[in-house]
Amino acid sequence: MLTTLIYKSQLNSSCESFSLTSLVESAKIRNAGRNITGILLFNGVDFLQILEGAEEDINKLFATIRTDQRHINVVELMRDYGPRRRFENVGMLLFDLCIDTPDSVLSTVLRYSKLERYLTAEDKVFKFIRSFITRQKQPVARATLHPGSWILAPEHAPFGKAIPELIDNQPCQFALQPIVEPSEGKISSLEALIRGNDGGSPEHFFNAIDQDKVYEVDLQTKAYAFALAEKIGIGDHKIAINLLPMSLVNVPDAVDFLMDNILAHGLLPEQVVIEVTENEMISGFNQFNSAIKQLRAAGIGLAIDDFGSGYAGLSLLTRFQPDKLKIDREIISDIHLSGPKQAIVKSIISCCTDLEIALVAEGIERIEEWCWLESAGIKRFQGFLFSRPQLNGVGDIHWPQPAASGHLAF
């Protein structure tokens, strides 16, 4: 299948110098033999490359490029399929924008195009080329330059000991996972994650409940989360609990129930954050909005969890503005490799900055993900990289700290 792949990367200044021209000449012969065309643009810091050829050949070549030591921050921008080639089989073309003018680059690229001229004006690949040659060089963020130069330093969480066994007379248990601010070296809050008494997931726990009792049980279990916070002594830290949005609508006096149990376990309403997920369709929005107003009036914080995974994330933001928004792990995973994910997160950051909403990136498992997100402006993180959920307690925190002090393929 004819495939077009576009990626961007940056020159790794820590590698030994090399001749880009000689390297491209070798790639030209190799690619031509595989019927692959490469259009490579370089501005002294950043690379943009368009690869066109059979899907299997493109995938093999791109896998080699990803492991290349002489360019960093390799990010896939687009992968497309089409009925015909955009370019002649020229193997490899290099355009050095430190030497070539934008007009000459566009003129040469169009000369090798197999598309009719009227098609190139709206073609996405040509738009990428035009944007790259007309924009300024992008600075390389310090944290993303060398993610391998960071280590994770463990630290005991500043709370009481975990309860070593299941807590009796409860239909469920809770595992606590910190939300951290690595740049400040502090814990922002703790999320209480529901678990079945058999260790099962939240989905397994709720699937075993009669459907007409789900919302009632969902609300009632939060009392056990508040009790756990009291038992391990969270001090003045915040605790976040997950609540189905419709639990606030379908259970009478839901907010009063929450308030009674918050106060009964020695917490302040300002210490509690209710996380509602956008995965559940909200009906009866007027009643839901009324409950939100009651929560706010009581001093309880509000967050939208798993933003970007469900039905109505942007719609919810037009109806009410939470204190916190948590970006879904599916968007966060491997963000350092995905141009579309990066564009989405940048737009979320811009939106939340304008609305004064705090952001949390959840599901962080790799140093590279944290490096990119930290450089993009996100300060709060949650995920296995920093701390795993611990049943009836809080596990060690792992803080990123600077550690003590190849061949390029196209």
* Structure fact -> What one should report as the nearest heavy-atom pair of A192 and N242 is O-ND2, 3.7 Å
* Check whether any side-chain N or O of H204 sits under 3.5 Å from a backbone N or O of S201 as a donor-acceptor pair, and report yes or no. => no
* Identify whether the distance between the nearest side-chain nitrogen and carboxylate oxygen of K238 and E191 falls below 4.0 Å. => no
* To do: Take the angle between the ring planes of F47 and F42 and call it parallel below 30°, perpendicular above 60°, tilted in between.
  => parallel
* Main-chain N/O of M1 paired to T3 side chain as donor or acceptor, under 3.5 Å -> yes
* **R380 with E181: basic N within carboxylate O range, under 4.0 Å** => yes
* Asked: Within the side chain of Q170, is there an N or O that forms a donor-acceptor pair under 3.5 Å with the backbone of C172?
  -> yes
* **L51 and T4, any side-chain heavy atoms less than 4.5 Å apart** => no
* Could you tell me whether the side chain of T221 and the main chain of D218 form a donor-acceptor pair under 3.5 Å? => yes
* Out of R195, K161, Q173, which one pairs with N392 under the side-chain hydrogen bond (donor to acceptor under 3.5 Å, both in side chains) rule? -> Q173
* **Taking every non-hydrogen atom, the tightest pair across P389 and A175** => CB-CB, 3.9 Å
* To do: Taking all heavy atoms of A223 and all of H265, pick out the closest pair and write down the distance.
  => O-NE2, 3.8 Å
* Structure fact -> Taking every heavy atom of S247 against every heavy atom of A254, the minimum-distance pair comes out as O-CB, 3.9 Å
* Counting distance only, does the side-chain N/O of D57 pair as donor-acceptor with the main-chain N or O of G53 below 3.5 Å? -> no
* Would you please test F126 and S113 for side chain to side chain contact (heavy atoms under 4.5 Å, CB included) and show each step? => CA-CA 10 Å; F126 287 92; S113 171; 3.6 Å; yes
* Decide whether a cation-pi geometry holds between R85 and F87; the criteria are a distance under 6.0 Å from NZ or CZ to the six-membered ring centre and an angle within 45° of the ring axis. => no
* P158 versus I187: any side-chain heavy-atom pair under 4.5 Å? -> yes
* Structure fact -> CG of L263 to CE of M259, rounded to nearest 0.5 Å, is 4.5 Å
* **Heavy-atom side-chain contact between I274 and I241 under 4.5 Å** => yes
* To do: Start with the C-alpha distance between I239 and V273, add both sets of side-chain angles, then the distance that settles side chain to side chain contact (heavy atoms under 4.5 Å, CB included), and finish with yes or no.
  => CA-CA 6 Å; I239 182 168; V273 178; over 6 Å; no
* So how far is it from L5 CG to Y81 OH, rounded to the nearest 0.5 Å? -> 8.5 Å
* Between D396 and H156, does any side-chain donor sit less than 3.5 Å from a side-chain acceptor? -> yes
* Between K124 and D80, does at least one N-O distance fall below 4.0 Å, as a salt bridge requires? -> no
* Asked: So, does T134 use its side chain to make a donor-acceptor pair with the main chain of R130 at under 3.5 Å?
  -> yes
* Asked: H398 and E155: side chain to side chain contact (heavy atoms under 4.5 Å, CB included), yes or no, with the steps?
  -> CA-CA 6 Å; H398 295 84; E155 177 183 80; over 6 Å; no
* I151 versus P400: any side-chain heavy-atom pair under 4.5 Å? -> no
* Rounded to the nearest 0.5 Å, what separation is found between the CD atom of Q382 and the CG atom of L190? -> 9.5 Å
* Electrostatic pair D334:R366 at N-O distance under 4.0 angstrom -> yes
* Asked: Would a 4.5 Å heavy-atom cut-off, applied to side chains only, mark N73 and S9 as touching?
  -> no
* Determine whether E362 and I179 make a side-chain contact, defined as any pair of heavy atoms from C-beta on separated by less than 4.5 Å. => no
* Calculate, to the nearest 0.5 Å, the distance between atoms CG and CD belonging to N89 and E52 respectively. => 9.0 Å
* **Euclidean distance, S387 OG relative to L152 CG, rounded to 0.5 Å** => 11.5 Å
* **Ring centres under 6.0 angstrom apart (Y224, F174)** => no
* Structure fact -> Minimal heavy-atom distance between S189 and K324, with the atoms involved, is OG-NZ, 3.5 Å
* Residue from D253, L258, N261 passing side-chain contact (heavy atoms from CB on, under 4.5 Å) with L219 -> L258
* If the plane angle is over 60° it's perpendicular, under 30° parallel, otherwise tilted; pick one for F62 and Y7. => tilted
Please list, one pair per line, the donor and acceptor atoms closer than 3.5 Å that link side chains of residues 341-349 to other protein atoms, with sequence neighbours excluded.
| residue | atom | partner | partner atom | Å |
| --- | --- | --- | --- | --- |
| K341 | NZ | E330 | O | 3.0 |
| K341 | NZ | S333 | O | 2.6 |
| Q342 | NE2 | I335 | O | 2.9 |
| S347 | OG | I344 | O | 2.6 |

* Asked: Hey, does the side chain of Q321 reach the backbone of L317 with a donor-acceptor pair shorter than 3.5 angstrom?
  -> yes
* Asked: Counting N and O atoms only, with roles assigned by atom type, does the side chain of Q271 sit under 3.5 Å from a partner on the main chain of A240, one being a donor and the other an acceptor?
  -> no
* **Close side-chain approach of V214 and D212, heavy atoms under 4.5 Å** => no
* Just wondering, more than 12 heavy atoms not from E56 lying within 6.0 Å of its CD? -> no
* **L41 vs V105 side-chain heavy atoms within contact, under 4.5 Å** => yes
* Starting from the C-alpha separation in whole Å, work towards a yes-or-no answer on side chain to side chain contact (heavy atoms under 4.5 Å, CB included) for D323 and E356. => CA-CA 8 Å; D323 304 290; E356 297 294 343; over 6 Å; no
* To do: Tell me, with the steps shown, if D123 and R86 meet salt bridge (charged side-chain N to carboxylate O under 4.0 Å, His left out).
  => CA-CA 10 Å; D123 183 74; R86 289 181 171 88; 2.9 Å; yes
* Asked: Hey, is the main chain of N286 close enough, under 3.5 Å, to the side chain of S290 for a donor-acceptor pair?
  -> no
* Asked: How about H336 and E368: does a side-chain donor come under 3.5 Å of a side-chain acceptor?
  -> no
* To do: Might you point out which heavy atoms bring P102 and I133 nearest each other, and give the distance in Å?
  => O-CD1, 3.6 Å
* Asked: Would R329 and E369 count as a salt bridge (charged side-chain N to carboxylate O under 4.0 Å, His left out) if you check the C-alpha gap in whole Å, the side-chain angles of each, and the deciding distance to 0.1 Å?
  -> CA-CA 11 Å; R329 67 182 61 227; E369 295 165 349; over 6 Å; no
* Structure fact -> One should read off an interatomic distance between L110 CG and L106 CG, to the nearest 0.5 angstrom, of 6.0 Å
* Donor-acceptor pair, N31 side chain versus G91 backbone, under 3.5 Å? -> yes
